[in-house]
Amino acid sequence: PAFPGGEVVTKVLIDEDPARAVLEEAGRGHQLLLLGATESSGKPGVVFSPVMDAVVKASPCATLIVAGTHLDAHFPPKRILVATSGSATSRHAAELAFRLAGRGDEALEVTALHVVERVDAYLPSSDDEIHLRQMAAADQDVANLRALAESLGILVDTLVRSSASV
């Protein structure tokens with residue numbers, strides 16, 4: 001099992017507002033909320049579904065969205081990619097990845113990736129300086145994550161890419 005010795009509790013709730021019900025339950029001391037990714041609704045401004053989007057935006061705890069066809073039998077994963085933007089929530093995601101990486105006997109590979117959107121491709125060349133500042137900020141972001149990982153005894157690979165080079 002992925003979490004040997006853990007207790008599984010099942011609940012069925014009936015509520016007119018499913019997002020509120022999930023958020024209330026998550027607020028009862030849970031440290032991690034796992035959600036299965038839903039199909040996009042196709043509505044403007046909605047990523048997955050109105051309920052799931054509301055839960056992700058207002059979650060009182062760390063939230064992990066799971067997509068894909070199956071869970072590998074060798075969980076936890078051997079390789080973890082953390083897409084970072086320099087935000088506080090990106091740092092929280094990296095912290096979770098580092099904690100997962102530190103929970104076992106096997107060395108796991110964690111990669112922190114910061115992609116800088118190259119918007120200046122359509123702007124005058126004088127905006128190259130803006131792009132260079134964005135790249136420098138991204139370099140600082142991943143350097144901060146590397147320092148955090150190393151303080152926890154985790155090896156991390158850091159990458160900064162411009163969307164033009166991805």
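When reading the values below, keep in mind they use all heavy atoms of this one structure, side chains included, and skip hydrogens, waters and symmetry mates. Start at 1 with the first residue, then count along the sequence.
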Check: Looking at OG1 of T63 and CG of L33, how far apart are the two atoms once the value is rounded to the nearest 0.5 Å?
Finding: 4.5 Å
Next item on the list: Would you name the heavy atoms of P18 and V51 that are closest together and state the gap between them?
Entry: CB-CG1, 4.1 Å
Notebook entry, point to check: Looking only at heavy atoms, which two atoms of Q134 and E117 are closest? And how far apart?
Noted result: OE1-O, 4.0 Å
Check: With distance as the sole test, does S90 use its side chain to make a donor-acceptor pair with the main-chain N or O of S85 at under 3.5 Å?
Finding: yes
Next item on the list: Starting from the C-alpha separation in whole Å, work towards a yes-or-no answer on side chain to side chain contact (heavy atoms under 4.5 Å, CB included) for V22 and D15.
Entry: CA-CA 10 Å; V22 170; D15 197 302; over 6 Å; no
Note to self: Minimum heavy-atom separation for E25 and H30, please, with both atom names.
What the structure shows: O-CD2, 2.8 Å
Check: Hey, are the side chains of L81 and L113 touching, using non-hydrogen atoms and a 4.5 Å cut-off?
Finding: yes
Check: Taking a hydrophobic cluster as the set of Ile, Leu, Val, Met, Phe, Trp and Tyr residues connected by side-chain heavy atoms closer than 4.5 Å, whether directly or through intermediates, do L23 and L13 fall within one such cluster?
Finding: no
Item checked: Side-chain touch R161/L159, heavy atoms, less than 4.5 angstrom -> yes
Notebook entry, point to check: Quick one: are T111 and I80 in side-chain contact, heavy atoms under 4.5 Å?
Noted result: no
Margin query: Between D53 and F48 (side chain of the first, backbone of the second, donor and acceptor by atom type, cut-off under 3.5 Å), is there such a pair?
Written below: yes
Notebook entry, point to check: Atom OG of S162 and atom CE of M135: how far apart are they, to the nearest 0.5 Å?
Noted result: 5.5 Å
Next item on the list: Taking T84 for its side chain and V82 for its backbone only, find out whether a donor-acceptor pair lies under 3.5 Å.
Entry: no
Next item on the list: Report the distance from atom CG of L145 to atom CD of Q140, rounding to the nearest 0.5 Å.
Entry: 10.0 Å
Next item on the list: Check salt bridge (charged side-chain N to carboxylate O under 4.0 Å, His left out) between R99 and all other residues, then give those that pass, not counting sequence neighbours.
Entry: none
Check: Just wondering, do D157 and V110 contact through their side chains at under 4.5 Å, heavy atoms?
Finding: no
Check: Any idea which heavy atoms bring A26 and C61 closest together, and the distance?
Finding: CB-SG, 4.2 Å
Checklist line | Cluster overlap L155 with L96, hydrophobic side-chain contacts below 4.5 Å | finding: no
Checklist line | Heavy-atom pair with the smallest gap, counting every atom of R146 and V156 | finding: NH1-O, 2.9 Å
Margin query: Less than 4.5 Å apart, side chain to side chain, heavy atoms only: is that true for L35 and V66?
Written below: no
Check: For atom CZ of R28, is the number of surrounding heavy atoms from other residues, nucleotides or ligands below 6.0 Å larger than 12?
Finding: yes
Next item on the list: Looking only at non-hydrogen atoms, find the nearest pair between S151 and L148 and report the distance.
Entry: OG-O, 2.6 Å
